[in-house]
K.L.:
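I have a structure I would like to understand better, so I am pasting it below and will then ask my questions one at a time.
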Amino acid sequence: MEFVIEKVLPNGLGRVGVIKTAHGEIKTPAFMAVGTRGYVRFISADDLHELGAQAMLSNGYHLRRQAAKIAKAGGLAEWKPLSFDQPFPFTEPAASRPVVTGETCFDRSPLVAKSSEERESLFKAYELRPDGLPAKSWQGPTLTDSGGFQVMSLGSGLGKVVSMEKERHVTNTAHKERLAHVSEDGVSFIDPFDGEPDFIGPEESMQIQCQIGADIHMAFDELTSLADTYEYNIEAMQRTERWAERSLREHLKHRDDLGYRQNLYGILQGGRWEDLRRQTAQNLAKMRVDGAGFDGFGLGGAFLKEDLGEILRWCNEELPIEKPRHLLGLSHPDDILIGAEMGADTFDCVAPMREARHGKIYTRNGNINLRKFADTGETLDQSCDCTTCKAGWTRGSLRAMWRSGDAEKKAKYYNLASIHNLRFIVRLTEEIRKAMLGDYFDEYRREFLAKYYTEA
RNA sequence: GCUGGAAUCGUCUAGUGGCAAUGACAAGAGACUGUAAAUCUCUCGGCUUCGGCCUUCGUAGGUUCGAGUCCUACUUCCAGCA
């Protein structure tokens, strides 16, 4: 993998570049679409390319049981993730669903068909999804996460929102005992889908990721939550560094297994503390196994919004300039702007797609809640160049599809809205890139933020 | 015309003597950042100095300390018989 830096901002941190992978180039700064299970929900590979997505991020944890199959297909970029025979939509409630086998890939959904007719019609709806069945392979640059995030989301963060703001008592599911436990070896967890106990450590994560064969892999790490103490963050960070070395060692054994070079990023943790962040950045930067170091770095953690820029500055001042950096899991425009300014090259996040599904639509003048636009004939965003807006879909009609009880219409709404929000964020990164190259980044950011955050 | 049955908060619905009244949908507000998320939380008769107060279960009476619940009449709807 090659990383070419085309330009550096006057602050010495932000930059424009190109990451060259075995499956294509990523012009940075860039936003990667999240396709946890190997596909982006409700968005086809064709749609993804059309809206300018340059790379897809999947998750080794979620794909661990399909890893061998993916390797056989030639790696994530070639894999067709969905097939007609999957048990979806379910005919029984989540609790009574059968154990998922290695052959089965499915989308987490509480959707339950009450009759075989309904199941049939739901199937039909899903077949009509643009990313429908059978899916096309993505065929572009890919990245996989190690499963480190799940250490937190199934462990200490279970049932909580991974919020950058203060903890709000929002839960998605009834709070149960944590499903993941961390030890020096790795993480023991209960698979939330089937209740089966399982284990992933650095070696397992690397073996899985090298079979999945994304262009970029993440070292196995432990993400702490905002509630964790300084002391615990030291412990978790140091463990993450030890895991990073084990990850690197295992990765080197398998990185060419699929016939092309796979790359590994080391992940920086350390919470919101400057000493930890700088220290871990230095440690990971100089880490070597048989003379080989990391190909890039992941910037991880749960952040308070106001701390993000500072934390990234601490990290990136210590990291080698010539290696690419991925800011994990953030995509709100202010986060991307500060991230790019402070030297993050790539980004990923579920928010654009998830929020689209939940009716939050991004516009240049701020986000809108689609619920409030029952009767309007305007498009989602007049200045948007996404296919949804260009096709003339109105807020009113999209709202009607969203609120409709018809699964087919809903699925279509999810597709159209997801494309819109994702395009909005991808376009933001494209514009940041242009602005940096054209020496007007500060002006661009000021104008964008003024419009985006002042109007309702 | 007779005999049964039914009328509840936008809709459907629970409720058989202590009820401002169940659940679902709809509606409204909010959340969501390396996806246990087509999810989750809150509101959903009116007013409130948050302790309550007022008005509500087709209409009008009645029994009762107390009635959505029991009784009588009426109105409307449904079913069966004519």
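None of the values given here were measured: they were computed from a predicted structure. First the proteins, then the strands, lettered A, B, ... as listed; each starts at 1.
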K.L.:
Classify the side chain of A:Asn369 versus the base of B:rG30 as yes if they form a donor-acceptor pair under 3.5 Å and no if they do not.
P.N.:
no
K.L.:
If you pin A:Asp348 and A:Trp402 to their nearest nucleotides in RNA chain B, which one's is more 5'?
P.N.:
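Nearest-nucleotide comparison on RNA chain B picks A:Asp348.
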K.L.:
Could you measure between the two P atoms, the one in B:rC53 and the one in B:rG15, and give it in whole Å?
P.N.:
29 Å
K.L.:
Pairing check on B:rU56: which nucleotide meets the Watson-Crick or G-U wobble criteria with it, both distances under 3.5 Å?
P.N.:
none
K.L.:
Ring stacking, A:His358 with base of B:rU39, under 5.5 Å and under 30°?
P.N.:
yes
K.L.:
Using Watson-Crick or G-U wobble geometry with both distances under 3.5 Å, which nucleotide pairs with B:rC70?
P.N.:
B:rG62
K.L.:
Would you check if there is a donor-acceptor pair between the side chains of A:Gln209 and A:Ser205 at a distance under 3.5 Å?
P.N.:
yes
K.L.:
Can you tell me the Watson-Crick or wobble partner of B:rA31, both distances under 3.5 angstrom?
P.N.:
B:rU39
K.L.:
Using atom P of each nucleotide, how far apart are B:rA29 and B:rC44 to the nearest Å?
P.N.:
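Here B:rA29 and B:rC44 have their P atoms 15 Å from each other.
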K.L.:
Rounded to the nearest 0.5 Å, how far apart are CG of A:Leu422 and CZ of A:Arg427?
P.N.:
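CZ of A:Arg427 is found 13.5 Å from CG of A:Leu422.
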K.L.:
Measuring only the C1' atom in each nucleotide, how far is B:rA21 from B:rG30? A whole number of Å is fine.
P.N.:
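Each nucleotide's C1' atom is 28 Å from the other's.
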K.L.:
Which nucleotide, in any strand shown, forms a Watson-Crick or G-U wobble pair with B:rG4, with both distances under 3.5 Å?
P.N.:
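Its partner is B:rC78 (Watson-Crick or G-U wobble, both distances under 3.5 Å).
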K.L.:
For B:rU39, does either OP1 or OP2 sit under 4.0 Å from a side-chain N or O belonging to A:Arg357?
P.N.:
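Checking B:rU39 against A:Arg357, no side-chain N or O comes under 4.0 Å of OP1 or OP2.
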K.L.:
What distance, rounded to whole Å, do you find between the two C1' atoms, one in B:rC9 and one in B:rU13?
P.N.:
12 Å
K.L.:
If you measure only the distance, is there a donor-acceptor pair under 3.5 Å linking the side chains of A:Gln269 and A:Glu222?
P.N.:
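Absent: no donor and acceptor within the cut-off.
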K.L.:
Cationic tip of A:Arg357 within the cone over A:Tyr413's six-membered ring, i.e. under 6.0 Å and within 45° of the normal?
P.N.:
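No cation-pi geometry.
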K.L.:
Round to the nearest Å and state the distance from A:Tyr413 atom OH to B:rU39 atom P.
P.N.:
13 Å
K.L.:
Mind checking the P distance from B:rU59 to B:rU76? Whole angstroms is fine.
P.N.:
15 Å
K.L.:
Give the rounded distance in Å between these two atoms: NE2 of A:His62 and C1' of B:rU35.
P.N.:
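Answer to the nearest Å: 6 Å.
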K.L.:
Answer yes or no on whether A:Arg64 is positioned over the face of A:Tyr61, meaning its NZ or CZ is under 6.0 Å from the six-membered ring centre and within 45° of the axis.
P.N.:
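Judged by the rule, A:Arg64 and A:Tyr61 form a cation-pi pair.
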K.L.:
Taking the chi torsion of B:rC9, is it syn (within 90° of 0) or anti (everything else)?
P.N.:
anti
K.L.:
Rounded off to whole Å, could you give me the CG-to-C1' distance for the A:Leu422 and B:rU35 pair?
P.N.:
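Going from A:Leu422 (CG) to B:rU35 (C1'), I get 14 Å.
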K.L.:
Specify the residue among A:Ser58 and A:Tyr414 whose closest nucleotide of RNA chain B lies further upstream toward the 5′ end.
P.N.:
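The 5'-side residue here is A:Ser58.
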K.L.:
With both distances under 3.5 Å as the test, what is the Watson-Crick or G-U wobble partner of B:rC25?
P.N.:
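Here B:rC25 is engaged in a pair, and the nucleotide opposite it is B:rG10.
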K.L.:
For B:rC78 versus B:rA67, give the span between their C1' atoms, rounded off to a whole number of Å.
P.N.:
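Going atom to atom, C1' in each nucleotide, I get 26 Å.
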K.L.:
Under 3.5 Å, is there a donor on one side chain and an acceptor on the other for A:Asp381 and A:Tyr362?
P.N.:
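Note: A:Asp381 and A:Tyr362 side chains miss the donor-acceptor criterion.
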K.L.:
Would you say that A:Asp215 contacts A:Met1 through its side chain, given a criterion of any heavy-atom pair below 4.5 Å between the two side chains?
P.N.:
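Contact flag for A:Asp215/A:Met1 side chains = no.
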K.L.:
In whole Å, I'd like the distance from the CZ atom of A:Phe424 to the P atom of B:rU33.
P.N.:
19 Å
K.L.:
If the cut-off is 4.0 Å, is A:Gln150 near the phosphate of B:rA36, judged by side-chain N/O to OP1 or OP2?
P.N.:
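Affirmative; the distance criterion is met.
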K.L.:
Using a cut-off of 4.0 Å on non-hydrogen atoms, how would the nucleic acid contact of A:Asn59 be classed: base, sugar-phosphate, or nothing?
P.N.:
sugar-phosphate
K.L.:
With the side chain of A:His332 defined as its heavy atoms from C-beta on, choose the nearest nucleotide among B:rU33, B:rU35, B:rG34.
P.N.:
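Between B:rU33, B:rU35, B:rG34, the one nearest the side chain of A:His332 would be B:rU33.
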K.L.:
B:rA36 P sits how many Å from A:Phe189 CZ, rounded?
P.N.:
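Distance check: A:Phe189 CZ to B:rA36 P gives 12 Å.
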K.L.:
Using atom CZ of A:Phe149 as one end and atom C1' of B:rC32 as the other, report the distance to the nearest whole Å.
P.N.:
11 Å
K.L.:
For B:rA6 versus B:rA20, give the span between their C1' atoms, rounded off to a whole number of Å.
P.N.:
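After rounding to an integer number of Å, I get 24 Å for this pair.
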K.L.:
Students often get this wrong, so: under 4.0 angstrom with heavy atoms, is A:Ile267 touching a base, only sugar-phosphate, or nothing?
P.N.:
base
K.L.:
If the P atom of B:rC71 is compared with that of B:rA24, how far apart are they to the nearest Å?
P.N.:
32 Å
K.L.:
Name the pairing partner of B:rU49, where a pair is Watson-Crick or G-U wobble with both distances under 3.5 Å, or state none.
P.N.:
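Result: none.
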K.L.:
Taking atom OG1 of A:Thr224 and atom CG of A:Asp221, what is their separation to the nearest 0.5 Å?
P.N.:
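These two atoms lie 9.5 Å from each other.
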K.L.:
Would you mind reading off the distance between A:Glu355 atom CD and B:rU33 atom C1', rounded to a whole angstrom?
P.N.:
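A:Glu355 atom CD is separated from B:rU33 atom C1' by 8 Å.
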K.L.:
Roughly, in whole Å, what's the span from CZ in A:Phe42 to P in B:rA37?
P.N.:
12 Å
K.L.:
Would you list the protein and nucleotides 25-28 of chain B atom pairs, both N or O, that sit under 3.5 Å from each other?
P.N.:
from: B:rA27; atom 1: OP1; to: A:Arg399; atom 2: NH2; distance (Å): 3.2
from: B:rA27; atom 1: OP2; to: A:Arg403; atom 2: NH2; distance (Å): 3.4

K.L.:
Can you pull out every ring-ring contact (aromatic ring centres under 6.0 Å, His included) where at least one residue sits in residues 204-224 of chain A? Sequence neighbours excluded, please.
P.N.:
A:His217-A:His251, A:Phe220-A:Trp243
K.L.:
Going by the angle between their ring planes, with limits at 30° and 60°, are A:Phe294 and A:Phe297 parallel, tilted or perpendicular?
P.N.:
perpendicular
